[in-house]
Trainee: 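For reference, the structure I am asking about is given below.
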There are 2 protein chains.
Amino acid sequence: MQHEIIIVDDHLLFARSLAGLIDSYEEYTVKHTFTNGSELVDKFSSGMKLPAIILLDINMPIMDGIATMKWLKKYQPKAKVLALSMEDNEQTVLAMLRNGAKGYLLKDIQPVLLKKALDTVIEQGFFHTQEVTKALMKSLNSENEEIVELKDVELQFMRLACEEKTYKEIADIMCKSHKTIDGYRQHLFEILEVKNRIGLVMYAIKNGIVEI
Amino acid sequence: MQHEIIIVDDHLLFARSLAGLIDSYEEYTVKHTFTNGSELVDKFSSGMKLPAIILLDINMPIMDGIATMKWLKKYQPKAKVLALSMEDNEQTVLAMLRNGAKGYLLKDIQPVLLKKALDTVIEQGFFHTQEVTKALMKSLNSENEEIVELKDVELQFMRLACEEKTYKEIADIMCKSHKTIDGYRQHLFEILEVKNRIGLVMYAIKNGIVEI
DNA sequence: AAACAAAAAGGGGTTTTTCCCCTTTTTTGT
DNA sequence: ACAAAAAAGGGGAAAAACCCCTTTTTGTTT
């Protein structure tokens, strides 16, 4: 009996060739390929049964990997998801794992490693490469702070605060009053437990809010 | 005929086992193991001839990898050095390569990769893993700025400026007048071409002056 | 739909820090 | 002994940080 796989990836070419590869394995068969998270959610909502493994791309339009993971965590907590990604962003890895992904694969992996990942998830329920373990250890050691979810405006403000701009310039860019920006600043100082803008910048860097 | 290798590493246990491994290869023999850069320099100064490859640890007391590379670049420019390191710090990699290292290996590599690295250096004169190539490409794309060498006091100031401290507090810590600190600040603004303390912090992070 | 609470946006004003221009004194290297 | 660099300092403008307060928006309950 074959294990059913679902692929969710907006790069159709990649999704199809991945499907071809997986279908070539005796033990696996690809049942569906979707191009974004909400297609997957729709199918589950209309009664689709859980496959053995979901291969979930992270960078997608409409409903991205993390949003999809959050939905799955809530409504399909038994889903076994392997996250797929082009780049190796530590914060994204952690976000996916926090929301219940069973493993994390870079898209340029060797086919043999994909096969091994699938087998390992079926047998042991998870698959973690050395890189992920490293990221996990790092987060265990350094981050005892609880994770604060920031809103979009706050993220935008944080990114601008990391540039050599005055708050007045930031206010103009964000089309808000100088005083509103001051409110953002004060609020972020409190929830992130920092004392000044330097602390804000260091927080943004440590938590991958800004590109370095 | 065997190629002669010299190992420079302060972790004697590691250096010895590495030597054992290398001696087990037919084509290579370890001629010396030193525990810091100045031992190596001393031997060269007293007429030791150049080995085929020097395996040089980066994190050492007394005279570290980068200092040793600088000496070798000046007095033994034909030395073929493979840098060894525990961690994968992009800035350090680049500093080693800029000073003429032929390659960069993480200490946790597979023995077979070490063998390949040695062979490749002998045959082609260099050995670069994918990670190094990636770091190189990144530095090519982003860093057109020239490298500014900072003095010790300036580095200390930079590190403190990345913490949530006022300049007054920094002055106390560094036992300098508040105005002297202001002089450091202004001087660094000019040579690093930044406009404010945020720019200073971002520079420090991009150039590995502070740990993230 | 009305009422209520909570969060967001904005205003005014004070204190502190940051930043910049300048001069004087001290230290350092040759 | 001399020049150059580092350190210390003064004065002032701008920005950042901080505090208290009002209005508007948003979401939730009954």
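All heavy atoms count here, side chains included; hydrogens, waters and symmetry mates do not. Protein chains get the first letters and strands the later ones, always in sequence-line order, with residue 1 at the start of each. Keep in mind the model is a prediction, meaning the values are calculated, not measured.
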Trainee: Starting at atom NZ of B:Lys151, determine the distance to atom P of C:dT28, rounded to an integer number of angstrom.
Mentor: 14 Å
Trainee: Which pairs, with at least one residue in residues 41-75 of chain B and sequence neighbours excluded, count as a ring-ring contact (aromatic ring centres under 6.0 Å, His included)?
Mentor: B:Trp71-B:Tyr75
Trainee: Taking the nucleotide of DNA chain C with the closest heavy atom to each, which residue, B:Arg197 or B:Glu190, is nearer the 5' end?
Mentor: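 Going by which nucleotide is closer to the 5' end, it is B:Arg197.
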Trainee: Looking at B:Tyr167, I'd like to know if the NZ or CZ of B:Arg197 sits under 6.0 Å from its six-membered ring centre while staying within 45 degrees of the ring's axis.
Mentor: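 Yes - B:Arg197 lies over the ring of B:Tyr167, closer than 6.0 Å to its centre and within 45° of its axis.
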Trainee: Is the backbone of B:Gly199 close enough, under 3.5 Å, to the side chain of B:Asn196 for a donor and an acceptor to pair up by distance?
Mentor: yes
Trainee: Donor-acceptor pairs under 3.5 angstrom involving side-chain atoms of residues 154-162 of chain A: please list them, not counting sequence neighbours.
Mentor:
unit_1, atom_1, unit_2, atom_2, d
A:Glu154, OE1, A:Lys151, N, 2.9
A:Glu154, OE2, A:His187, ND1, 3.1
A:Arg159, NH1, A:Ile209, O, 3.4

Trainee: Show me the pairs that pass salt bridge (Lys or Arg N to Asp or Glu O under 4.0 Å) and involve residues 177-188 of chain B, at least two apart or across chains.
Mentor: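 Sorted pair list: B:Asp182-B:Arg185.
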Trainee: State which residues pass side chain to side chain contact (heavy atoms under 4.5 Å, CB included) with B:Gln124; sequence neighbours excluded, sorted by chain then number.
Mentor: B:Thr120, B:Phe126
Trainee: Applying ring pair (Phe, Tyr, Trp, His ring centres under 6.0 Å), can you list everything that pairs with A:Tyr28, at least two apart in sequence or on another chain?
Mentor: A:His3
Trainee: If the threshold is 4.0 Å, N to carboxylate O, is there a salt bridge linking A:Lys168 and A:Asp172?
Mentor: no
Trainee: Could you list by number each residue of residues 160-174 of chain B showing a heavy-atom separation from DNA chain D of less than 4.0 Å, or answer none if no residue does?
Mentor: none
Trainee: Starting from P on C:dT17, measure out to CZ on B:Arg185 and report it in whole angstrom.
Mentor: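 Atom CZ in B:Arg185 sits about 14 Å away from atom P in C:dT17.
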Trainee: Nearest whole angstrom, please: distance from the C1' of C:dC20 to the NE2 of B:His178.
Mentor: 13 Å
Trainee: Name the pairs: protein N/O against N/O of nucleotides 12-14 of chain C, kept only if under 3.5 Å.
Mentor:
unit_1, atom_1, unit_2, atom_2, d
C:dG12, N7, A:Lys179, NZ, 3.2
C:dG12, O6, A:Lys179, NZ, 2.7
C:dG13, O6, A:Lys179, NZ, 2.6

Trainee: Applying salt bridge (Lys or Arg N to Asp or Glu O under 4.0 Å) as the test, list every pair that has at least one member in residues 42-54 of chain A; sequence neighbours left out.
Mentor: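 Found A:Glu4-A:Lys49.
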Trainee: Looking at residues at least two apart in the chain, or sitting in another chain, which of them share a side chain to side chain contact (heavy atoms under 4.5 Å, CB included) with A:Asp23?
Mentor: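 Here the qualifying residues are A:Thr29, A:Val30.
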Trainee: Would you find a donor on one side and an acceptor on the other, under 3.5 Å apart, between the side chain of B:Ser38 and the backbone of B:Val41?
Mentor: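 Answer holds: no.
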Trainee: Report the residues that fulfil side chain to side chain contact (heavy atoms under 4.5 Å, CB included) with B:Lys176, sequence neighbours left out, ordered by chain and then residue number.
Mentor: B:Val153, B:Met174, B:Thr180, B:Ile181, B:Tyr184
Trainee: Looking at side-chain heavy atoms only, is the closest gap between A:Val121 and A:Leu82 below 4.5 Å?
Mentor: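 A side-chain contact exists here, since the closest heavy-atom pair is under 4.5 Å.
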Trainee: Could you tell me how far apart B:Tyr184 (OH) and C:dC20 (P) are, to the nearest whole angstrom?
Mentor: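 Taking atom P of C:dC20 as the reference, OH of B:Tyr184 is at 19 Å.
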Trainee: Over the length of the helix from C:dA1-D:dT30 to C:dT30-D:dA1, how much do the five-pair end axes diverge, rounded to 10 degrees?
Mentor: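 End-to-end axis angle: 50°.
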Trainee: Just the rounded figure in Å: distance from P of C:dT17 to CG of B:Leu200.
Mentor: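 In whole Å, C:dT17 P and B:Leu200 CG are 18 Å from each other.
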Trainee: Along DNA chain D, 5' to 3', what are the outermost nucleotides having an atom less than 4.0 Å from a heavy atom of chain B?
Mentor: D:dA6 to D:dG11
